[in-house]
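A quick write-up on the structure given underneath.
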Number of protein chains: 2
Amino acid sequence: MPKLWNETIETHRRDVRHAILATTAALVAERGLLNVTMSQIAEQTGIGRATLYKYFPDVEAILRAWHAERIAHHLAHLIDVRDQAVGPAQRLEAVLEAFAVISHGSHGHFDTDLVALLHRDEQVGHAQEQVRHVIRDLLAEAAAAGEVRADVAPAELAAYCVHALAAAGTLPSKAAVRRLVAVTLAGLRPIA
Amino acid sequence: MPKLWNETIETHRRDVRHAILATTAALVAERGLLNVTMSQIAEQTGIGRATLYKYFPDVEAILRAWHAERIAHHLAHLIDVRDQAVGPAQRLEAVLEAFAVISHGSHGHFDTDLVALLHRDEQVGHAQEQVRHVIRDLLAEAAAAGEVRADVAPAELAAYCVHALAAAGTLPSKAAVRRLVAVTLAGLRPIA
DNA sequence: ATTTATCAAGACGTAGTGTCTCGATCCCGT
DNA sequence: ACGGGATCGAGACACTACGTCTTGATAAAT
């Protein structure tokens with residue numbers, strides 16, 4: 001007897017998939033990456049093991065999908081924040097602040113380095129690159145406007161921003177996150 | 001027939017342990033974190049499975065030990081670099097540069113975020129904290145000398161440095177690493 | 001109402017685990 | 001050189017998880 005039926009087959013599939021992703025992330029957070037099995041995931045999700053295998057071939061595939069969804073969500077949010085700001089420097093600052101808030105909320109839960117730990121999957125790396133590209137393009141705009149240093153390539157500055165703001169996950173408060181953004185922006189300032 | 005005997009029992013134990021750590025890290029790099037088993041590790045190391053279980057209870061314990069050794073090695077190196085420099089700003093710059101070089105060499109191979117991915121082990125986190133404390137103390141010295149901004153706590157600035165310089169693992173060249181260090185240091189500069 | 005899709009329990013063979021035994025080998029201390 | 005102690009690996013054993021398959025039940029789609 002299926003336990004997760006509600007509307008159409010399509011929404012049902014989406015709901016099951018989402019439940020699998022959410023349950024897996026929770027199990028990994030609770031028990032660690034190496035101590036989660038397909039049997040546990042099926043049981044905690046409330047579906048059969050055979051059903052789980054119809055959605056994903058293994059734990060690694062589930063984690064990749066979970067990560068890709070989170071990155072896509074973050075990307076959409078950052079683009080939204082970018083589009084609501086005006087002026088190169090303001091847009092950059094708004095996006096970096098939003099990124100830091102995201103990092104702060106995730107508390108470093110394998111958000112950024114999953115690619116390295118799941119055998120360097122190109123798809124996962126690609127999703128992260130999209131976020132970096134948004135930031136790189138904003139840096140290029142701000143550099144062209146003379147509001148960001150132009151002696152370092154925007155791609156390198158984007159890597160700096162993404163990693164520096166990942167520290168937000170280790171900070172205790174929103175105020176500390178704002179200071180981190182200010183310090184990061186200070187590193188981008190044009191040289192006098 | 002034991003395959004790794006040479007000198008004393010103590011050196012033998014150390015050699016076996018080191019071989020296990022090195023083989024495990026290589027297997028993880030090759031096959032990914034979730035696809036490495038105790039049976040594979042024993043086989044590739046050239047020891048029996050029962051022997052492997054005498055050294056470590058599971059894969060996670062091996063990875064923790066591997067990580068702790070690398071952190072200890074990095075820490076010793078950073079302290080050495082620190083002690084060879086003179087003056088607060090010079091010592092800070094020297095240590096940050098050395099840290100960036102280490103990050104560059106590791107190419108992000110689960111060096112920094114293993115703690116988050118292996119179920120938040122306090123021991124692993126503690127080892128990383130020692131590195132951060134060295135940098136934090138250098139920041140405090142430099143701030144007291146007026147060479148680093150004092151409006152942000154040294155612990156927060158240390159988190160910023162460690163994460164920003166972790167970007168070195170994604171950079172293609174030593175020159176890019178040097179630019180990253182310069183950008184990171186720019187973020188630390190006292191406000192005019 | 002019929003067709004199509006999804007489902008879960010159970011079975012099956014496989015792989016890996018974790019522990020134990022035992023004979024072989026080597027280091028250590030005298 | 002010898003006896004004692006330590007380590008070793010192969011194999012056995014019972015267990016867990018896997019990955020696939022079958023089958024009858026349930027639900028959506030037409």
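Just so we're on the same page: letters track the sequence lines, and every chain starts at 1.
In terms of the side chain to side chain donor-acceptor pair (under 3.5 Å) criterion, residue partners of B:Arg149 (sequence neighbours excluded) are, by chain and number, B:Asp151. Annotation: side chain to side chain donor-acceptor pair (under 3.5 Å) contacts of B:Glu10 (sequence neighbours excluded): none. Listed by chain and number, the residues in a side chain to side chain donor-acceptor pair (under 3.5 Å) with B:Arg49 amount to none (sequence neighbours excluded). Residues satisfying the side chain to side chain contact (heavy atoms under 4.5 Å, CB included) criterion with B:Ala65, sequence neighbours excluded, are B:Arg17, B:Leu21, B:Phe56. Every residue was checked against the side chain to side chain donor-acceptor pair (under 3.5 Å) condition with B:Asp137, not counting sequence neighbours, and none meets it. For B:Arg82, there are no salt bridge (charged side-chain N to carboxylate O under 4.0 Å, His left out) partners, not counting sequence neighbours.
A straight line from CD of B:Glu43 to C1' of D:dG9 spans 13 Å, rounded to a whole angstrom. Across the protein-nucleic acid pair, B:Asn35 atom CG and C:dA15 atom C1' stand 14 Å apart, rounded to whole Å. Residue B:Phe56 contributes atom CZ, which lies 17 Å from atom C1' of C:dG18 at whole-angstrom precision. Separating the CG atom of B:Asp15 from the P atom of C:dC27 is a distance of 12 Å, rounded to the nearest angstrom. For A:Tyr53 and C:dA9, the OH to C1' distance is 15 Å, given to the nearest whole Å. When the C1' atom of D:dG19 is taken as reference, atom CD1 of A:Ile62 falls 14 Å away, rounded to whole Å. The distance from atom CD of A:Gln40 to atom P of D:dG19 is 14 Å, rounded to the nearest whole Å. For the pair A:Lys54 NZ and D:dT22 P, the interatomic distance rounds to 12 Å; values are reported in whole Å.
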Under 3.5 Å, N/O pairs linking protein and nucleotides 2-4 of chain C:
none

What does the list of N/O pairs under 3.5 Å between the protein and nucleotides 11-13 of chain D look like, with a distance for each?
none

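Distances shorter than 4.0 Å separate some side-chain N or O of A:His12 from OP1 or OP2 on C:dC7.
Among all heavy-atom pairs drawn from A:Ala142 and A:Pro88, the shortest one is CA-CB, 3.7 Å.
For the atom pair A:Gln130 CD and A:Leu78 CG, the distance stands at 11.5 Å (nearest 0.5 Å).
Within the structure, every pair that satisfies the side-chain hydrogen bond (donor to acceptor under 3.5 Å, both in side chains) test and touches residues 175-188 of chain A, not counting sequence neighbours, is listed here: A:Arg179-B:Glu156.
With D:dA28, D:dC8, C:dC27 as the candidates, the nucleotide lying closest to the side chain of B:Thr51 is D:dC8. Side-chain proximity of A:Ser39 to C:dT17, D:dG9, D:dC18: nearest is D:dC18. Side chain of B:Ile47, nearest nucleotide from D:dG9, C:dC28, D:dC18: D:dG9.
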